[in-house]
Amino acid sequence: QALLTESGGGWVQPGESLRLACSASKRVSVISGMGWYRQAPGKERELVARILSGRPETSYADSVKDRFTISRDIASNTLYLQMNNLKPEDTAVYYCNTAPTPRRTYWGQGTQVTVSS
């Protein structure tokens, strides 16, 4: 069973929104420091949003600030990423993992987000 399972991706037009979800198995608690990463074709994987361990503080990459919001539901052990005003440059595979240091064994399949008109 995968430790982290991402969902919610899809194809949208510029300016539209998507909400990604990351379901964590019982072996991983989203109360830990968690983050959303993305990898576009030909580029390195980057951390775009993170939420601190046990605290509600969040931080974002400049490229997504004021458009993306990371949150978590501890009861369901789920991490979310609300993405608004999507741009073509947001096109990537999105992953969740611990942050700021991801665990190699936690990488899931990711969820594809495509923004195109």
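Side-chain atoms are counted along with the backbone in the values below, which use heavy atoms only and exclude waters and symmetry mates. Note that the structure is predicted; figures quoted are calculated from it, not measured. For this chain, numbers begin at 1 and follow the sequence in order.
If you take CD on Q109 and OG on S7, they are separated by 13.0 Å, rounding to the nearest 0.5 Å. Atom-to-atom distance recorded for I31:CD1 and I74:CD1 is 4.0 Å, nearest 0.5 angstrom. Considering OG1 of T78 and CG of L4, their distance stands at 10.5 Å, rounded to 0.5 Å.
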**Request:** Quick one: do Y94 and E6 satisfy side-chain contact (heavy atoms from CB on, under 4.5 Å)? Show the steps, please.
**Result:** CA-CA 8 Å; Y94 285 72; E6 302 89 352; over 6 Å; no
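Residues C22 and W36 meet the side-chain proximity criterion, which asks for heavy atoms closer than 4.5 Å. Side-chain contact between T91 and W11: absent, with no pair of heavy atoms (C-beta onward) separated by less than 4.5 Å. The side-chain heavy atoms of R50 and P100, taken from C-beta on, include a pair separated by under 4.5 Å.
In terms of hydrophobic clustering, with Ile, Leu, Val, Met, Phe, Trp and Tyr side chains grouped at heavy-atom distances under 4.5 Å, Y80 and L86 are assigned to different clusters. Clustering ILVMFWY residues whenever any of their side-chain heavy atoms sit less than 4.5 angstrom apart, transitively, puts M83 in the very cluster that holds V12. Side-chain heavy atoms closer than 4.5 Å link hydrophobic residues (I, L, V, M, F, W, Y) into clusters, and following such links, possibly through other members, connects V48 to Y106. A chain of hydrophobic side-chain contacts below 4.5 Å, direct or via other Ile, Leu, Val, Met, Phe, Trp or Tyr residues, connects I51 to L3.
Test L79, T5, V30, L20 against C96 for side chain to side chain contact (heavy atoms under 4.5 Å, CB included) and you get one pass: L79.
The number of heavy atoms from other shown groups lying within 6.0 Å of CD (E16) is above 12.
Residues T69 and Y60 share a closest heavy-atom pair of CA-OH, 3.4 Å. Smallest separation of non-hydrogen atoms from G35 and L47: CA-CD1, 4.0 Å. The minimum heavy-atom distance linking V113 with G9 is given by the pair CG2-CA, 4.1 Å. The heavy-atom pair separating S29 from M34 by the smallest distance is O-SD, 4.3 Å. For the residue pair L81 and A49, the shortest heavy atom distance occurs at CD1-CB, 4.0 Å. Nearest heavy-atom pair across P14 and S117 is CD-N, 3.8 Å.
Residues in residues 40-49 take part in these salt bridge (charged side-chain N to carboxylate O under 4.0 Å, His left out) pairs, two or more places apart or across chains: R38-E46.
In this structure a side-chain-to-backbone donor-acceptor pair under 3.5 Å is missing from N77 to K26. The backbone N or O of R103 lies less than 3.5 Å from a partner atom in the side chain of N97, making a donor-acceptor pair. Side chain of R72 to backbone of S32: a donor-acceptor contact under 3.5 angstrom is found.
Between Y37 and W107, the two ring planes are perpendicular [angle over 60°; tilted spans 30° to 60°].
Taking the charged nitrogens against the carboxylate oxygens, D62 and K65 do have a contact shorter than 4.0 Å, which makes a salt bridge.
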